[in-house]
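Below is one structure, written out as structure tokens; the observations come after it.
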Amino acid sequence: MTLFRPVIAALVAAMTVAAVPAVAQDAKPAENAQAAEQMPEGRVLPDIALGEANAPLTIVEYASFTCPHCAAFHDENLPKLKAEYIDTGKVRFIQRDVYFDAVGLWAGILARCGGDEKYYPVADMLFDEQKTWLDAKTGDEIAANLRKIGAKAGMTPDQMDACWADKQKVADLVATFQKHATEDKIDGTPSFVIGGEKVQNQPWEDMKKIIDAKLAEAGKQG
């Protein structure tokens with residue numbers, strides 16, 4: 001799995017500089033490689049899902065917390081998906097984080113910092129307030145903005161520092177991203193896998209047709 005290796009080296013370098021997030025662009029290529037070698041072996045983490053475990057259809061969204069189109073999907077279409085399909089037991093929904101930049105990784109670590117039960121609430125805040133927390137000129141300012149979101153979710157400064165400094169957590173998140181995104185050939189966000197089929201982002205009515213067709217197909221197979 002080599003598709004994301006250059007990006008991952010930069011991400012790892014950014015996260016090993018200090019307990020608080022640092023700017024990936026400040027790291028040199030040699031430092032990136034050295035930092036990557038110092039990281040523990042990453043473990044693939046289980047998905048965190050919304051909806052019934054035995055729902056007839058599974059939808060996976062690949063999303064980056066720094067992607068404006070992902071924020072738009074979560075603002076406009078996810079509520080419709082949740083009301084019509086997830087809450088009614090028809091769809092099991094999984095968000096898988098994509099880290100195309102160090103800042104996205106910082107946000108991904110924060111989303112996981114409070115445990116599985118807080119992942120989606122924190123993810124919602126990160127997308128809802130994306131324009132605000134990304135509106136910063138330095139890494140320190142972005143980190144301060146992320147801390148405000150963590151505080152709203154009930155996390156303490158020490159807890160957030162511990163999560164950002166946890167090399168095993170970072171390695172696990174990066175390994176999870178790398179494995180899934182490589183297997184599903186993800187090259188942009190948001191991207192979706194609906195019933196095993198890769199689907200690009202599109203207007204809700206078009207996506208709804210795909211979901212309904214997949215549900216009909218699942219019903220016939222059942």
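We number each residue from 1, following the sequence as shown.
Checked against a 6.0 Å centroid threshold, the rings of Phe127 and Phe65 count as neighbours.
Proximity of a side-chain donor or acceptor of Trp164 to a complementary backbone N or O of Ile109 within less than 3.5 Å is not detected. At distances below 3.5 Å, not a single donor-acceptor pair connects side-chain atoms of Glu61 with backbone N or O atoms of Pro190. At least one donor-acceptor pair closer than 3.5 Å links the side chain of Tyr62 to the backbone N or O of His180.
Side-chain contact of Asp172 with Gln168: a donor-acceptor pair under 3.5 Å is present, judged by distance alone. For the residue pair Tyr85/Lys80, the side-chain donor-acceptor check at 3.5 Å is not satisfied. At a cut-off of 3.5 Å, with distance as the only test, no side-chain donor of Tyr119 or Asp124 sits close to an acceptor on the other residue.
The pair Asp184-Lys198 does not meet the salt-bridge criterion, since no charged nitrogen lies less than 4.0 angstrom from a carboxylate oxygen. Arg112 has no carboxylate O lying under 4.0 Å from a charged side-chain N of Asp97, or vice versa, which leaves the two without a salt bridge.
Side-chain contact between Leu110 and Met155 is present, with at least one heavy-atom pair separated by less than 4.5 Å. Contact check for Phe192 versus Met207: side-chain heavy atoms found under the 4.5 Å cut-off.
Closest of all the heavy-atom pairs between Met125 and Ala153 is CE-CB, 3.6 Å. Of all heavy-atom pairs spanning Ala55 and Gly89, the tightest one is CB-O, 3.5 Å. Here the closest heavy-atom approach between residue Arg43 and residue Thr176 is recorded as O-OG1, 3.5 Å.
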#### Entry: Full working for side chain to side chain contact (heavy atoms under 4.5 Å, CB included) between Ile94 and Arg92
CA-CA 7 Å; Ile94 297 166; Arg92 179 173 179 259; 3.4 Å; yes

